[in-house]
Trainee: 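Questions regarding the structure given below will be posed in turn.
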2 protein chains.
Amino acid sequence: MGDHSARPRRRGEELIKAIHDAVLEEVLEVGVGRLTMDGIGRRAATPRTTLYRRWSDPVEVLLDALHHQHPVEEPTPGADDLHGDLVHALRLMVEWALSPAGRAVAAILTDPRSAALMSEALFERVFADRGGTFTRTVLRYYADRGCFPAELLTPVVADIGEALVTKRLIDTGAPPTDEELAAIVEQAILPAIGLGPRAPRP
Amino acid sequence: MGDHSARPRRRGEELIKAIHDAVLEEVLEVGVGRLTMDGIGRRAATPRTTLYRRWSDPVEVLLDALHHQHPVEEPTPGADDLHGDLVHALRLMVEWALSPAGRAVAAILTDPRSAALMSEALFERVFADRGGTFTRTVLRYYADRGCFPAELLTPVVADIGEALVTKRLIDTGAPPTDEELAAIVEQAILPAIGLGPRAPRP
DNA sequence: AAAATTAGATACATGAGTGTAGCTAATACT
DNA sequence: AGTATTAGCTACACTCATGTATCTAATTTT
């Protein structure tokens, strides 16, 4: 039995990371409903006994992997470019949505047997202290500086950008182009805060 | 062996309908990834042999069931109530989204192994000749009557209402209230077509 | 070096689901 | 009534996944 340890054994964090990466990949390919210990083990090149020593079922592996993701990057508004900052925030959202963690969260939220497992704590852990949607951070920053009346920043308005991006991702499965993101900003978000094409110039 | 035919045998359309109903219910409970012939058969109180005589796998049963759904009700705009007609259109969308067919379509679209099976023909079959989103029909009708400039009715604008409703359904799992639908119309759709609170009155 | 830990490997029993074959009984058609 | 069709039933062989037990070898710790 000469070659059964071609690669050194992984231990501790290295092993855990490999398993976390594996479950995030596996769920993208098969969805939550078809996630198995066998599938995760195969992808991580680790036996099920190793998985069962730590986790009792595949969804637990998945939630643990999400728990250990780095928090999502938060938009950092500049000084004077509402349009650009909104496009950038939406681009961050798209990047996150297409990340392994983002896709895994989406898979859980759309699985009838798992959505309830997405606890508030885990959600906050993934998103850290973001204070709401990607675009909300930007919008609040500019409202605070008087670019538009703060009372226009309602929950509906804060959701517009991400809602449109989400729907685009669902409808086409493809990421919106930068032109499409700009169109969302100009045609939907800015009019809602009174800065549409017919609005008085600030 | 006295009671093995307590209920008469179903044949033809009656049997098919029972199976269609069963698969639409089953997919709501378990999702596409866990859909099985066994599960459908149990729910329809019919053996798998009966299913296999007609269909080769559970997703085929599901797609066939969708194929035989009645087309979605289309909004019928009135003469002079843009706001009301938009709220009504969104309510129709919510009703459809929460219907067995609507939920089944959503389940397919969000399953990594099934989305590609939602062919264009089936999509059109489910939605009949709707000419676009629920709200687009209403918006086009009123643009044609000069209530707002037709060039503002872009693909982004046509999508705003349904995008926000979709996101709400995903985020909370619950249908939006009528107040929430009205807020979507007033805070997002109307501003985008130049009829927001700061717009000139038509 | 010895001891401790555990990753990796193997085996097993069980259950769920698949797909098929064959049969009988119920129902429709002639 | 006789014939044809097929729903419903049972059985089977097979695959995959589950969860567990046990063991050895690799690696870390003492």
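So you know, we letter chains A, B, ... as the sequences are listed, proteins then strands, and number each from 1. All values derive from a computational prediction rather than experimental measurement.
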Trainee: Please state how far atom CH2 in W55(B) lies from atom C1' in dT6(D), giving the value in whole angstrom units.
Mentor: 14 Å
Trainee: Just N and O in the side chain of R7(B): are any of them under 4.0 Å from OP1 or OP2 of dA7(D)?
Mentor: no
Trainee: Grab the CD-P distance between E60(B) and dG19(C) for me, whole Å please.
Mentor: 11 Å
Trainee: Over how many whole Å does the gap from D57(A) atom CG to dT18(D) atom P extend?
Mentor: 9 Å
Trainee: In whole Å, what is the span from the CD1 atom of I16(A) to the P atom of dT6(C)?
Mentor: 11 Å
Trainee: Could you check whether any side-chain N or O of E26(B) sits under 3.5 Å from a backbone N or O of V23(B), counting only pairs where one atom can act as donor and the other as acceptor?
Mentor: no
Trainee: Tell whether T49(B) reaches the base of dA21(C) with its side chain through a donor-acceptor pair below 3.5 angstrom.
Mentor: no
Trainee: Does the pair R140(A)/D144(A) count as a salt bridge with the N-to-O cut at 4.0 Å?
Mentor: no
Trainee: Calculate the interatomic distance between M37(A) atom CE and dA17(D) atom C1'; express it in whole Å.
Mentor: 11 Å
Trainee: Would you please confirm or rule out a distance under 4.0 Å between OP1 or OP2 of dA7(C) and any side-chain N or O of T46(A)?
Mentor: no
Trainee: Among dG8(C), dA25(C), dG19(D), which is the nearest nucleotide to the side chain of Y52(A)?
Mentor: dG19(D)
Trainee: Using heavy-atom distances to pick each residue's nearest nucleotide on DNA chain C, tell me which of A45(A) and D38(B) is more 5'.
Mentor: A45(A)
Trainee: When all nucleic acid strands are considered with a 4.0 Å heavy-atom cut-off, which category describes R34(B): base, sugar-phosphate, or nothing?
Mentor: nothing
Trainee: Short question: side chain of E14(B), backbone of R10(B) - any donor-acceptor pair under 3.5 Å?
Mentor: no
Trainee: So, do Y142(A) and D85(A) sit near enough that their side-chain heavy atoms are less than 4.5 Å apart?
Mentor: yes
Trainee: Is the base of dG17(C) touched by the side chain of R48(B) through a donor-acceptor pair closer than 3.5 angstrom?
Mentor: no
Trainee: Say whether, by atom type as modelled, one donor and one acceptor occur between the side chain of Y141(B) and the main chain of G78(B) under 3.5 angstrom.
Mentor: yes
Trainee: What are the residues of residues 17-25 of chain A, sorted by number, that bring a heavy atom to within less than 4.0 Å of DNA chain D?
Mentor: none
Trainee: Is the base of dA7(D) touched by the side chain of R53(B) through a donor-acceptor pair closer than 3.5 angstrom?
Mentor: yes
Trainee: What is the distance from CZ of R9(B) to C1' of dA7(D), rounded to the nearest Å?
Mentor: 4 Å
Trainee: Side-chain contact, heavy-atom cut-off 4.5 Å: L63(B) with I108(B)?
Mentor: yes
Trainee: Could you tell me if the side chain of D111(B) sits less than 4.5 Å from the side chain of R34(A), heavy atoms only?
Mentor: yes
Trainee: What nucleic acid atoms does R42(A) come within less than 4.0 Å of, heavy atoms only: base, sugar-phosphate, or nothing?
Mentor: sugar-phosphate
Trainee: Below 4.5 Å, heavy atoms only, C-beta onward: do M37(B) and V61(B) meet side chain to side chain?
Mentor: yes
Trainee: Using whole Å, what does the distance between atom P of nucleotide dC29(C) and atom CZ of R11(B) come to?
Mentor: 9 Å
Trainee: How close or far is atom C1' of dT28(D) from atom CD of E14(A), stated in whole angstroms?
Mentor: 14 Å
Trainee: Does R10(A) make a side-chain N or O approach to OP1 or OP2 of dG8(C) shorter than 4.0 Å?
Mentor: yes
